[in-house]
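Let me begin by presenting the structure, written as structure tokens, before commenting on it.
These values consider heavy atoms only, across backbone and side chains, with no hydrogens, waters or symmetry-generated copies.
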Amino acid sequence: MIEISAQVDLSHPSDRVWQALTNPQLLSRWFTETETVTQAPHRLLLHTAGLPGFHAAVDAEVTDQRPPELLVLQCQEGDRRTRLTCTITRTADGCRLSVQETMEHGTWPAEDRDHRERHYQQTLTGRLPAILDWLAFQQVDLRRGEDPPTAELPAIVLSGRVPAPADRRRRLAIVAAVTAATLATGAALWALLPGDADQTAAPAPLPPPPTAGATSDNAGPRTTRSSRPSSAAAARSTARPSRTPTGTPSRTPTSTAPSAATMTARYATTATRILGYTGQVVLDNPNGPAAKSWTLVVILAEGGTVTNAQGANWQQDGQAVTFTGAPVPAGQSQTITFDVRNPDPRTKAPEGCTIDGTPCTGV
């Protein structure tokens with residue numbers, strides 16, 4: 001019986017996600033500090049003490065693996081023994097990573113289990129995509145006199161080093177993220193991982209590892225995605241609403257049932273990544289009866305895709321992402337957070353946002 005589960009849809013190939021799972025150096029940057037046991041190459045020591053839901057370090061042993069699809073670990077944490085299963089499934093836009101942990105010996109207090117599951121979900125949807133974006137740029141090969149100028153190199157080895165090309169005319173460019181403007185000037189853009197304030201810094205060999213006990217700002221109840229475009233081409237072929245000078249989309253879906261309450265909404269970008277960001281919308285029902293239904297519509301920049309959302313049911317149609325949820329009692333609020341992957345690293349906010357047709361503030 002599965003006691004803890006988390007999953008995320010990623011716009012990266014399975015091989016790259018496998019590297020992030022099995023390379024101890026990369027694992028240290030998005031999950032927790034990791035050491036290999038010299039005497040046992042199939043064992044890892046995860047320094048998880050202090051992380052949400054963990055009370056001690058985890059001694060993990062690989063019991064099964066089928067690259068790049070399946071990784072099974074037997075984990076010993078104090079007097080608890082669990083089985084951790086990581087499954088990678090190919091999708092039209094990349095792959096889906098599912099993490100499941102089952103108790104084999106010992107018990108989990110309900111609070112520990114909830115904190116642990118939330119921590120898994122937050123790292124899968126926050127720090128992992130940032131590391132994968134960073135890793136993708138480490139595998140860029142700039143070739144002279146060729147159009148297009150970039151091509152992805154073969155997968156890196158487990159040590160984390162990229163093999164150098166045999167052709168001397170090729171140059172390996174290691175960048176964190178670049179835009180057209182920064183390419184022209186030779187500058188490099190480095191976006192901090194989710195949960196940190198926006199700032200730029202020179203690219204480091206790897207982003208800093210997470211600190212034990214740190215928690216993400218976008219915690220909240222998880223919900224499942226109700227529908228998803230079948231492919232990027234299908235999403236582009238869908239009619240998209242245009243942005244007006246006030247930021248209000250020209251087309252918004254109609255609420256299935258009118259609300260008796262006057263809802264307001266506040267938008268804020270709470271975290272940024274190399275190729276995306278985390279948005280948060282706070283719905284307020286300042287007075288009147290509880291809203292029987294409400295419809296929040298967020299208009300993304302062209303090419304943007306929501307990869308995970310918490311606090312509401314949602315579906316994406318082209319650039320429009322529609323959120324619906326439970327009634328909001330008078331005088332109370334509802335918080336919705338969502339992760340966006342965007343091909344343009346300069347885009348760190350949606351183009352528009354409305355609640356029952358009324359523009360949100362902050363966009």
>> Does either side chain, that of D284 or that of S333, offer a donor lying less than 3.5 Å from an acceptor on the other one?
In response: yes
> Would you say T91's side chain and G94's backbone share a donor-acceptor pair under 3.5 angstrom?
Replying inline: yes
>> side chain to side chain contact (heavy atoms under 4.5 Å, CB included) for T264 and T358? Distances and angles first, verdict last.
In response: CA-CA 7 Å; T264 61; T358 302; over 6 Å; no
>> So which atom in Y277 and which in A349 form the shortest heavy-atom distance, rounded to 0.1 Å?
In response: OH-C, 3.3 Å
> Looking at side-chain heavy atoms only, is the closest gap between L27 and L46 below 4.5 Å?
Replying inline: yes
>> For the SG atom of C75 and the CG atom of L84, what is their distance to the nearest 0.5 Å?
In response: 5.0 Å
> Is there a side chain to side chain contact (heavy atoms under 4.5 Å, CB included) between Q315 and V321 once you walk through the steps?
Replying inline: CA-CA 6 Å; Q315 62 179 5; V321 185; over 6 Å; no
>> Around atom CZ of R80, are there more than 12 heavy atoms from other residues, nucleotides or ligands closer than 6.0 Å?
In response: yes
> Hey, any chance V62 and V58 share a hydrophobic cluster, counting ILVMFWY side chains that come within less than 4.5 Å of each other, even indirectly?
Replying inline: yes
> Counting N and O atoms only, with roles assigned by atom type, does the side chain of S98 sit under 3.5 Å from a partner on the main chain of Q7, one being a donor and the other an acceptor?
Replying inline: no
>> Measuring from atom OG1 of T295 to atom CE of M263, what distance do you get when rounded to the nearest 0.5 angstrom?
In response: 10.0 Å
> When hydrophobic residues are tied together by side-chain contacts of less than 4.5 Å, even through go-betweens, does L45 share a cluster with L51?
Replying inline: no
> Do you know the tightest heavy-atom contact between W18 and T22?
Replying inline: O-OG1, 2.8 Å
> In Å, rounded to the nearest 0.5 Å, how long is the span from CZ of R341 to OG of S11?
Replying inline: 4.5 Å
> Can we say E104 and R83 salt-bridge, meaning some charged N sits less than 4.0 Å from an Asp/Glu carboxylate O?
Replying inline: yes
>> Contact between Q310 and Q121 at the side-chain level, heavy atoms closer than 4.5 Å - yes or no?
In response: yes
> Do Q76 side-chain atoms and G78 backbone N/O form a donor-acceptor pair below 3.5 Å?
Replying inline: yes
> Side chains of L10 and L132: closer than 4.5 Å at any heavy-atom pair?
Replying inline: yes
>> For a quick test of reading the model, state the closest non-hydrogen atom pair linking R29 to R127 and the distance between them.
In response: O-NH2, 3.0 Å
>> For V298 versus P350, what's the shortest heavy-atom pair and its separation?
In response: CG1-CB, 3.6 Å
>> Taking the basic N atoms (NZ, or NE/NH1/NH2) and the acidic carboxylate oxygens, is any pair closer than 4.0 Å for D59 and R81?
In response: no
> Passes side-chain hydrogen bond (donor to acceptor under 3.5 Å, both in side chains), T278 versus D339? Steps please.
Replying inline: CA-CA 4 Å; T278 297; D339 297 310; 2.7 Å; yes
>> Between H12 and D133, is there a side-chain donor-acceptor contact under 3.5 Å, judged purely by atom types and distance?
In response: yes
>> Within this structure, what is the CG-CZ distance for the pair L21 and F31, rounded to the nearest 0.5 Å?
In response: 10.5 Å
> Does D64 pair with R66 as a salt bridge, N-O distance under 4.0 Å?
Replying inline: yes
>> For the CD atom of Q280 and the OG1 atom of T269, what is their distance to the nearest 0.5 Å?
In response: 10.0 Å
>> Is any side-chain heavy atom of C353 closer than 4.5 Å to one of L296?
In response: yes
> Just by distance, do the side chain of Q316 and the backbone of V306 share a donor-acceptor pair under 3.5 Å?
Replying inline: yes
>> Assess the residue pair L26 and W134 against the criterion (side chain to side chain contact (heavy atoms under 4.5 Å, CB included)); give the C-alpha distance rounded to whole Å, side-chain angles, the decisive distance to 0.1 Å, and a yes or no.
In response: CA-CA 11 Å; L26 296 176; W134 176 88; 4.1 Å; yes
>> Looking at N342 and L275, would you say the former's side chain and the latter's main chain have a donor-acceptor pair under 3.5 Å?
In response: no
>> Using a 3.5 Å distance criterion without hydrogens, assess whether the side chain of T270 forms a donor-acceptor pair with backbone atoms of G279.
In response: no
> Taking all atoms of both residues into account, what is the closest heavy-atom pair of P345 and P343, and its distance?
Replying inline: CD-O, 3.4 Å
> Would one find more than 12 heavy atoms of other residues, nucleotides or ligands at under 6.0 Å from atom NE2 of H55?
Replying inline: yes
>> Any heavy-atom pair between the side chains of T123 and T32 that's under 4.5 Å?
In response: no
> Do T48 side-chain atoms and A56 backbone N/O form a donor-acceptor pair below 3.5 Å?
Replying inline: yes
>> Please check: side-chain N/O of K348 versus main-chain N/O of R273, any donor-acceptor pairing under 3.5 Å?
In response: yes
> Charged N to carboxylate O under 4.0 angstrom, E101 versus R116?
Replying inline: yes
>> Show the nearest heavy-atom pair for residues F54 and Y120, with the distance to one decimal.
In response: CZ-OH, 3.6 Å
>> D9 vs D93, test: side chain to side chain contact (heavy atoms under 4.5 Å, CB included). Steps then yes/no.
In response: CA-CA 9 Å; D9 289 326; D93 299 323; over 6 Å; no
>> Under a 3.5 Å distance rule, please check whether W314 uses its side chain to pair with a backbone N or O of N308 as donor and acceptor.
In response: no
> Distance from I88 atom CD1 to L97 atom CG, nearest 0.5 Å?
Replying inline: 6.0 Å
> Among Y267, W294, F338, whose ring pair (Phe, Tyr, Trp, His ring centres under 6.0 Å) with F323 holds?
Replying inline: F338
> Can you check whether H119 reaches H115 side chain to side chain, under 4.5 Å on heavy atoms?
Replying inline: no
> Counting only N and O atoms by type, is there a donor-acceptor contact under 3.5 Å from the side chain of S5 to the main-chain atoms of E3?
Replying inline: no
> Would a hydrophobic clustering, with Ile, Leu, Val, Met, Phe, Trp and Tyr connected at side-chain separations under 4.5 Å, put V72 with V17?
Replying inline: no
